[in-house]
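Excluded from the calculations below are hydrogen atoms, water molecules and symmetry mates; all remaining heavy atoms, backbone and side chain alike, are included. Here the structure is a predicted model, which is why all the values come from computation and not from measurement. Remember, it's 1-based here, ligands and their atoms both numbered in the order they're listed.
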Amino acid sequence: MTTSLPPVPYFDWDNRYPDWTEQVVAAVREVAESDEFILKSRVAALETAVRERTGARHAVAVASGTGALTVILAALGLGEGDEVVTPAFSFISTASTVALRGARPVFADVDPDTACLDLAAAEAAVTRHTRAVLPAYLFTTHPDMTGLAELARRHGIALVEDSAVGLGATVDGRPAGRFGRAGVYSFFPAKPIGGAGDAGMIVTDDDDLARDMRMLRNHGQDLGVRFLHHTVGFNCRMDEITAAFLLQRLPHLDEFLNARRRIAEEYQERLAHLAPDVLTPPDGYRDRAVYTYVVRARRRDELKEFLAGEGIETVVYYPKPLHLQPAFAHLGHQEGDFPVAERISREALALPLHPDMRPGDVARVAAAVERFYRRSR
Ligand SMILES: Cc1ncc(COP(=O)(O)O)c(C=O)c1O
């Protein structure tokens, strides 16, 4: 390290939200002193809280965001021979959950500004085998959800919203997760509303789908009769400790998001003038959920190394687009198939962002980024 200043960690687990430890301990104690452990009253209360927050008819608590997608795709009856149009650049779950059904993820390129599924590319990828379109929210941005909802309606296919990182965002006046047949939220610890472990939630207005998903998350078991299984399901249940903890945190969602939005806005102000060396995400954070602050940077790997030398930790989300992942080699893609996704994988860099960043940290990160490009011009 070439600096005597304290490091700027990417995510400061030692200095996270106030009361975190007390809330975890309180949740454990509360459940330990009860006789409820899995899918009981606290899980039901969390489902109610998410329903109220999002306006959904149903919220179905599950074990993770990935579990949420898995359960939705199973409830939709997706399987071999079916195709799902999905972005070439996202977290693995967006496509792996499709592949695990035996269906084919059909990748489409992403929009260069949002890094999310491009509407025209999605349209071009639809075939007579397409059963669903599965876009993802990423970082601080979202796809053209209104356009994708219209595409799904026109083609008579399901829109499944991977809004794992979108809880609390509104898009065109509608809550994230509420555009299609079903949407998901993840409570992975680093998310704006993070649990103290894995957890997820599904929202839908579809009564039949909700009933099927409630069964599927619990081994396909009848909702009233124990050990009667209507279908082959999963163990994808949420536990009461997780729900008790999340019930304490959910009321603070806007507070957490606003703190993150302020940090993103400060980065934006301080970095915008570095274009085209550094491209910041699109402006306008008011309604967006800020999960990670990802810029596109020329000579990204050198910049990352330079920042590390300055004590600033950064993360690459995601270094390889989905179509080039070994896990999807069987789909036969090659470099050049989705040029925007590939370019973003080479340029994306997430700068430190968490609500309890010390005053001056954003300025310090931005100044270091500026120094890197000035020095090397
Ligand atoms: C876009 C996206 N989809 C799905 C997931 C999966 O959520 P989980 O980690 O809760 O399984 C994530 C989590 O990082 C994500 O970022």
Side-chain angles (χ1 to χ4, degrees), residues 10-11 46 50 59-74 84-101 105 107-108 110-111 114-117 132-143 145 148 159-169 171 176-177 179-180 182-203 213 217 234-239 242-243 245-246 249-250 260 281 288-294 315-322 325 327-328 341 344-345 348 350 353-354:
Y10 176 71
F11 195 100
L46 184 68
V50 171
V60 180
V62 287
S64 68
T66 306
L69 290 170
T70 305
V71 165
I72 294 170
L73 297 178
V84 176
V85 174
T86 197
F89 182 81
S90 183
F91 184 63
I92 186 80
S93 305
T94 316
S96 62
T97 49
V98 174
L100 280 170
R101 297 290 323 146
F107 294 121
V110 294
D111 176 275
T114 63
C116 296
L117 183 61
V133 57
L134 206 178
Y137 291 57
L138 287 186
F139 316 145
T140 68
T141 55
H142 54 79
M145 290 312 307
L148 286 165
L159 170 61
V160 177
E161 223 173 325
D162 182 351
S163 39
V165 304
L167 181 58
V171 181
F179 280 82
V184 314
Y185 309 119
S186 164
F187 298 114
F188 178 77
K191 300 283 190 279
I193 288 287
D198 275 321
M201 189 69 74
I202 305 168
V203 284
M213 294 192 301
R217 72 174 169 180
F234 312 94
N235 177 351
C236 193
R237 304 176 297 216
M238 186 187 283
D239 68 78
T242 298
F245 178 66
L246 289 170
R249 298 181 59 74
L250 194 61
R260 287 170 175 268
R288 300 200 329 244
V290 173
Y291 170 45
T292 47
Y293 186 79
V294 175
V315 177
V316 174
Y317 287 81
Y318 299 99
K320 217 182 234 318
L322 294 175
Q325 291 285 353
F328 294 122
I344 294 176
S345 291
L353 185 148
H354 54 89

Query raised in the report: Can an N or O of Ser93 be found at a distance shorter than 3.5 Å from an N or O of ligand 1?
Result: no
Query raised in the report: Hey, do the aromatic rings of Tyr293 and Phe139 have their centres closer than 6.0 Å?
Result: no
Query - Main-chain N/O of Arg237 paired with Arg217 side-chain donor or acceptor, under 3.5 Å - result: no
**Report entry** Sub-4.0 Å atoms of ligand 1 with respect to non-hydrogen atoms of Ala164
**Finding:** 2 (C), 3 (N), 4 (C), 5 (C), 12 (C), 15 (C)
Query raised in the report: Is there a ring-ring contact (aromatic ring centres under 6.0 Å, His included) between Phe89 and Phe107 once you walk through the steps?
Result: CA-CA 9 Å; Phe89 182 81; Phe107 294 121; over 10 Å; no
Query - Close aromatic pair by centroid cut-off 6.0 Å: Phe91 and Tyr317 - result: no
Query raised in the report: Is it true that Phe187 lies under 4.0 Å from ligand 1, counting heavy atoms only?
Result: no
Requested in this report: Taking only heavy atoms of Gly65 into account, list the atoms of ligand 1 that are under 4.0 Å away from them.
Outcome: 7 (O), 8 (P), 10 (O), 11 (O)
Report task. For Val165 and Leu138, run side chain to side chain contact (heavy atoms under 4.5 Å, CB included): C-alpha distance rounded to whole Å, both residues' side-chain angles, the deciding distance at 0.1 Å, then the answer. Result -> CA-CA 7 Å; Val165 304; Leu138 287 186; 5.6 Å; no
Query raised in the report: Short N/O distance, under 3.5 Å, between Ser186 and ligand 1?
Result: yes
Requested in this report: Quick one: closest heavy-atom pair of Thr70 and Thr66, and the distance?
Outcome: OG1-O, 2.7 Å
Query raised in the report: Hey, is ligand 1 close enough to Thr66 that some N/O pair sits below 3.5 Å?
Result: yes
Query raised in the report: If we only count N/O pairs under 3.5 Å, is Asp162 in contact with ligand 1?
Result: yes
Query raised in the report: Is a donor on one side and an acceptor on the other found under 3.5 Å between the side chain of Arg260 and the backbone of His354?
Result: no
Report task. List the steps, then state whether side chain to side chain contact (heavy atoms under 4.5 Å, CB included) holds for Thr86 with Asp162. Result -> CA-CA 10 Å; Thr86 197; Asp162 182 351; over 6 Å; no
Requested in this report: Show which atoms of ligand 1 fall inside a sub-4.0 Å distance from at least one heavy-atom site of Tyr137.
Outcome: 1 (C)
Query raised in the report: Nearest to atom 13 (C) of ligand 1, what protein heavy atom do you find, and at what distance?
Result: Lys191 NZ, 3.0 Å
Query raised in the report: Judging by distance only, is a nitrogen or oxygen of Phe91 under 3.5 angstrom from one on ligand 1?
Result: no
Query raised in the report: What is the nearest protein non-hydrogen atom to atom 16 (O) of ligand 1, stated with its residue, atom name and distance?
Result: Val165 CG1, 3.5 Å
